[in-house]
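Protein chains get the first letters and strands the later ones, always in sequence-line order, with residue 1 at the start of each. Atoms considered below: every heavy atom in the structure, side chains included; atoms not considered: hydrogens, waters and symmetry mates.
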Amino acid sequence: MCSRWEEEKKEDGVKWTQLEHRGPYFVPLYEPLPDDVQFYYDGKPLKLSLATEEIATFYAKMLDHEYTTKEIFQNNFFNDWRKEMTSKEQKIIKDLDKCDFREIHKYFVDKSEARKALSKEEKQKLKEEADKIQEEYGYCILDGHREKIGNFKTEPPGLFRGRGDHPKMGMLKKRIMPEDVVINCSKDSKIPEPPEGHKWKEVRFDNTVTWLASWTENIQNTLKYIMLNPSSKLKGEKDWQKYEVARRLKDVVHKIRAQYRADWKSKEMKKRQRAVALYFIDKLALRAGNEKEEGETADTVGCCSLRVEHIKLHPRLDGQEHVVEFDFLGKDSIRYYNKVSVEKLVFKNLQLFMKNKDPADDLFDRLNTSILNRHLQSLMDGLSAKVFRTYNASITLQEQLKALTNSEDSVAGKLLSYNRANRAVAILCNHQRSTPKTFEKSMQNLQTKIDAKKQQVEEGQQELKKAEDEFEDTKDAKAEANVEKKKKLLKRLEEQLAKLNVQATDKEENKQIALGTSKLNYLDPRITIAWCKKFGVPIEKIYNKTQREKFAWAIDMADEDFEF
DNA sequence: TTACAGACTTGGAAGAATCTTC
DNA sequence: GAAGATTCTTCCAAGTCTGTAA
């Protein structure tokens with residue numbers, strides 16, 4: 001095992017002893033529009049002040065995005081925009097419908113076209129400039145190691161794009177200045193210089209946290225951080241730890257399950273609710289579901305925050321008994337829709353929890369995430385609701401790989417099995433994506449390829465037949481060699497056809513499933529690495545370069561016998 | 001018990017880079 | 001070698017969960 005992953009013990013809560021960096025890279029200041037690109041109000045050109053113009057460009061850039069058709073987006077934008085206008089502008093610009101951003105929009109579209117059309121040399125030059133910034137600001141020194149930073153740039157100003165029905169969509173996200181930024185580094189390190197003429201908000205030396213810089217964003221008034229890249233030792237060790245907690249759950253999960261099943265009959269309503277909620281979290285991999293401040297964000301829920309309106313009870317449905325129909329918006333306003341047959345006791349309890357309640361009432365009115373997590377912590381050190389997601393995801397991958405992999409398969413066939421196992425997890429965790437815009441087209445292309453290959457296979461078969469006939473007649477060595485040649489050719493064609501068919505299956509099954517999140521965040525990479533080793537699949541077929549860097553710890557330590 | 005701040009992980013979309021195909 | 005498709009990377013929003021204070 002590489003020593004990089006062997007932890008030298010630090011005091012409780014201490015994350016590093018040395019941290020040195022350059023501070024964040026600040027995105028360039030606004031460049032005014034050329035004079036011939038105009039904004040029009042009520043049909044007439046209107047020269048805007050610099051600040052007003054900048055905000056106008058934020059909206060103009062988004063003109064062909066669906067966001068700008070939404071009333072909330074428009075209203076929020078217009079309100080915030082007006083606040084930044086000069087009083088003269090405020091007197092003129094009173095109606096968004098009379099604002100014409102089309103020329104500005106076109107200017108940016110053209111600009112991006114022009115960028116794409118640059119020559120190879122010009123593009124190379126741009127790349128070198130970006131690399132230089134990355135080299136200078138993109139790394140830090142942490143305990144003697146040079147580590148990559150995840151997000152070393154401050155976020156540019158723009159319009160807030162919340163997801164789902166977000167009440168704040170379209171609001172102005174302000175430009176981050178050095179005066180907003182708190183720097184965190186070690187006392188004896190070279191303290192980063194703020195940009196010329198500016199000061200940091202604060203410089204602190206807190207070695208109990210992992211961030212290098214932070215600021216408060218103005219939309220939700222929450223903190224944003226600059227942190228390390230997943231490839232760093234600090235993040236890698238944390239990731240490893242996460243999976244070790246999940247593996248400890250594996251040892252006690254049977255006991256926990258037995259207990260929550262028993263608690264379905266508890267005299268205490270609070271306990272019953274906790275037990276049913278935990279059953280959902282375990283069986284369906286639901287998220288914990290913290291309470292959220294009403295009206296500040298989109299209306300989404302998790303397990304503990306489910307409301308009566310989010311489930312329907314069916315004593316019988318489609319030949320199954322005790323079916324619960326879930327329909328709610330979860331994280332990122334992704335819809336969770338599922339019909340699940342549950343134990344009779346769970347069903348009865350749900351009926352009880354819903355009795356005399358309005359649709360908008362909490363299903364688990366005696367429960368919240370901190371009650372649940374406190375309970376879980378008492379069952380196992382380090383246990384919280386999300387550990388069940390990690391555990392169930394990883395164990396599912398391991399089981400599915402075991403069930404689906406055929407050692408006789410080609411690498412392509414094994415990869416299909418892997419993807420299917422990965423997919424089972426993504427479905428469990430409800431990781432969805434919108435169907436790619438090019439899906440139908442590329443599916444068709446693939447089918448065309450398959451048809452062509454089929455044709456080739458048939459021709460290959462005929463040619464082989466012909467060669468065999470000829471050998472039959474002549475019995476000479478040349479004809480025999482030809483038969484072998486044709487056999488080989490046919491075999492290759494058949495393999496190519498099989499591979500294409502596999503690809504098509506994989507693609508179709510993957511239409512609306514996003515595999516990335518589970519691969520990156522829920523599946524213990526050691527399971528994958530062990531599988532690769534066991535079945536002779538190169539790791540690069542599963543993990544790309546970035547992923548291999550992130551999972552370096554696992555690649556170092558897992559052998560083919562690893563069991564989650 | 002609740003409210004809240006803070007720190008950290010998880011999430012899909014969009015943009016950029018690279019590969020494939022004609 | 002351009003266009004289109006695919007894959008990788010970046011972006012930043014939206015969760016989880018802990019600790020603290022009242």
message = What contact category does Thr297(A) fall into here, base, sugar-phosphate, or nothing, at under 4.0 angstrom with non-hydrogen atoms?
response = nothing
message = Students often get this wrong, so: under 4.0 angstrom with heavy atoms, is Lys235(A) touching a base, only sugar-phosphate, or nothing?
response = sugar-phosphate
ask   = Considering only dA14(B), dT6(C), dT16(C), which nucleotide approaches the side chain of Arg287(A) most closely?
value = dT16(C)
N or O in side chain of Gln220(A) less than 4.0 angstrom from dA13(C) OP1/OP2 = no
message = Looking at Ser442(A), I'd like to know whether one of its side-chain N or O atoms comes within less than 4.0 Å of OP1 or OP2 on dT6(C).
response = yes
request  = Return yes when atom CD of Glu128(A) has more than 12 non-hydrogen atoms of other residues, nucleotides or ligands closer than 6.0 Å, and no otherwise.
outcome  = yes
query = Using a cut-off of less than 4.0 Å, is there contact between a side-chain N or O of Ser434(A) and OP1 or OP2 of dA13(B)?
reply = yes
message = Under 4.0 Å, counting only non-hydrogen atoms across every strand here, what does Thr210(A) touch: a base, just sugar-phosphate, or nothing?
response = sugar-phosphate
ask   = Is any side-chain N of the basic residue among Glu147(A) and Lys233(A) closer than 4.0 Å to the acidic one's carboxylate O?
value = no
message = If you assign each of Arg374(A) and Glu293(A) to its closest nucleotide in DNA chain B, which residue comes earlier from the 5' end?
response = Arg374(A)
message = By the 4.0 Å heavy-atom rule, please label Gly302(A) as base, sugar-phosphate, or nothing.
response = nothing
ask   = Rounding to a whole Å, what distance do you find between His65(A):NE2 and dG15(B):C1'?
value = 12 Å
ask   = How is Lys173(A) classified with respect to the nucleic acid when contacts are heavy atoms under 4.0 Å: base, sugar-phosphate, or nothing?
value = sugar-phosphate
key: Side-chain donor/acceptor of Arg163(A) to base of dA13(C), under 3.5 Å   = yes
query = Looking at the side chain of Phe160(A), which of dA5(C), dC8(B), dA14(C) is the nearest nucleotide?
reply = dA14(C)
message = Any base atoms under 4.0 Å from Ile219(A), or only sugar-phosphate, or nothing? Heavy atoms, all strands.
response = nothing
request  = Could you go through the ring-ring contact (aromatic ring centres under 6.0 Å, His included) check for Phe152(A) and His21(A) one step at a time?
outcome  = CA-CA 10 Å; Phe152(A) 60 89; His21(A) 58 93; over 10 Å; no
task = Examine the side chains of Glu217(A) and Asn221(A) and answer whether a donor and an acceptor come within less than 3.5 Å of each other.
result = no
query = When all nucleic acid strands are considered with a 4.0 Å heavy-atom cut-off, which category describes Ala298(A): base, sugar-phosphate, or nothing?
reply = nothing
remark   = Per atom distances to the Met227(A) side chain, the nearest of dC17(C), dA7(B), dT10(B) is dA7(B)
query = In whole Å, what is the span from the CG atom of Leu228(A) to the C1' atom of dA7(B)?
reply = 13 Å
query = Given atom CZ of Phe388(A) and atom P of dT9(B), what is their separation to the nearest angstrom?
reply = 21 Å
request  = Tell me which nucleotide among dG12(B), dG11(B), dA13(C) gets nearest to the side chain of Glu155(A).
outcome  = dA13(C)
ask   = Could Glu202(A) and Arg204(A) be called an ion pair, given the rule that one side-chain N must be under 4.0 Å from one carboxylate O?
value = yes
task = To the nearest Å, give me how far apart OH (Tyr336(A)) and P (dG11(B)) are.
result = 14 Å
query = Under 4.0 Å: is that the gap between some side-chain N or O of Tyr522(A) and OP1 or OP2 of dG11(B)?
reply = yes
query = Are OP1 or OP2 of dT10(B) and a side-chain N or O of Thr517(A) less than 4.0 angstrom apart?
reply = no
note = Nearest-nucleotide check on DNA chain B, Thr390(A) vs Lys116(A); residue mapping nearer the 5' end is Thr390(A)
ask   = Checking all strands, does Lys507(A) fall into the base, sugar-phosphate, or nothing category for heavy-atom contacts under 4.0 angstrom?
value = sugar-phosphate
query = Just how far, in rounded Å, is P of dA16(B) from CD of Gln124(A)?
reply = 17 Å
inquiry  = For Glu129(A), is the CD atom crowded, meaning more than 12 foreign heavy atoms sit under 6.0 Å from it?
reply    = yes
query = With respect to the side chain of Lys224(A), which nucleotide from dG11(B), dA13(C), dG6(B) is positioned closest?
reply = dA13(C)
query = Nearest-Å distance, CG (Leu520(A)) to C1' (dT9(C))?
reply = 11 Å
query = Taking for each residue the nucleotide of DNA chain C bearing the nearest heavy atom, is the 5' side occupied by Pro156(A) or by Ser333(A)?
reply = Pro156(A)
task = For Lys441(A), answer base if it contacts any base atom (sugar-phosphate contacts may also be present), sugar-phosphate if it contacts only those atoms, and nothing otherwise; contact means non-hydrogen atoms under 4.0 Å.
result = sugar-phosphate
task = Could you tell me whether the phosphate oxygens of dG11(B), OP1 or OP2, come under 4.0 Å of any side-chain nitrogen or oxygen in His431(A)?
result = yes
Nearest listed nucleotide, side chain of Asn544(A), among dA13(C), dT9(C), dC8(B) = dT9(C)
request  = Classify the nucleic acid contact of Thr300(A) as base, sugar-phosphate or nothing, counting any heavy atom under 4.0 Å across all strands shown.
outcome  = sugar-phosphate
task = State whether Arg526(A) and Glu244(A) are salt-bridged, where the test is any N-O pair (Lys NZ or Arg NE/NH1/NH2 against Asp/Glu carboxylate O) under 4.0 Å.
result = yes
Rounded interatomic separation in angstrom, taking NZ from Lys61(A) and C1' from dG15(B) = 14 Å
inquiry  = Mind checking if Lys123(A) touches a base, just sugar-phosphate, or nothing, with heavy atoms under 4.0 Å?
reply    = nothing
task = Answer yes or no on whether Lys70(A) is positioned over the face of Tyr67(A), meaning its NZ or CZ is under 6.0 Å from the six-membered ring centre and within 45° of the axis.
result = yes
message = Counting only side-chain heavy atoms from C-beta out, which of dG15(C), dT1(B), dC8(B) sits nearest to Lys270(A)?
response = dT1(B)
task = Give Glu217(A) one of three labels, base, sugar-phosphate or nothing, depending on what nucleic acid heavy atoms sit under 4.0 Å from its own.
result = nothing
message = Does a side-chain N or O of Lys15(A) approach OP1 or OP2 of dC8(B) to a distance below 4.0 Å, or not?
response = yes
task = For the side chain of Asn290(A), starting at C-beta, report the closest nucleotide among dT16(C), dA5(C), dT10(B).
result = dT16(C)
ask   = Taking atom NZ of Lys541(A) as the centre, does the number of heavy atoms from other residues, nucleotides or ligands within less than 6.0 Å exceed 12?
value = no
query = Between Gly162(A) and Thr438(A), who's closer to the 5' end of DNA chain C by nearest nucleotide?
reply = Thr438(A)
request  = Can you check whether any acceptor in the base of dT10(B) is under 3.5 Å from a donor in the side chain of Lys386(A), or vice versa?
outcome  = no
request  = Rounded to the nearest angstrom, tell me the gap between atom CG in Asp239(A) and atom C1' in dT10(B).
outcome  = 11 Å
task = Side chain of Trp211(A) only, please: which of dA14(C), dT18(C), dA7(B) is the nearest?
result = dA7(B)
inquiry  = If you only use heavy atoms from C-beta on, which nucleotide in dA7(B), dT16(C), dC8(C) is closest to the side chain of Thr546(A)?
reply    = dC8(C)
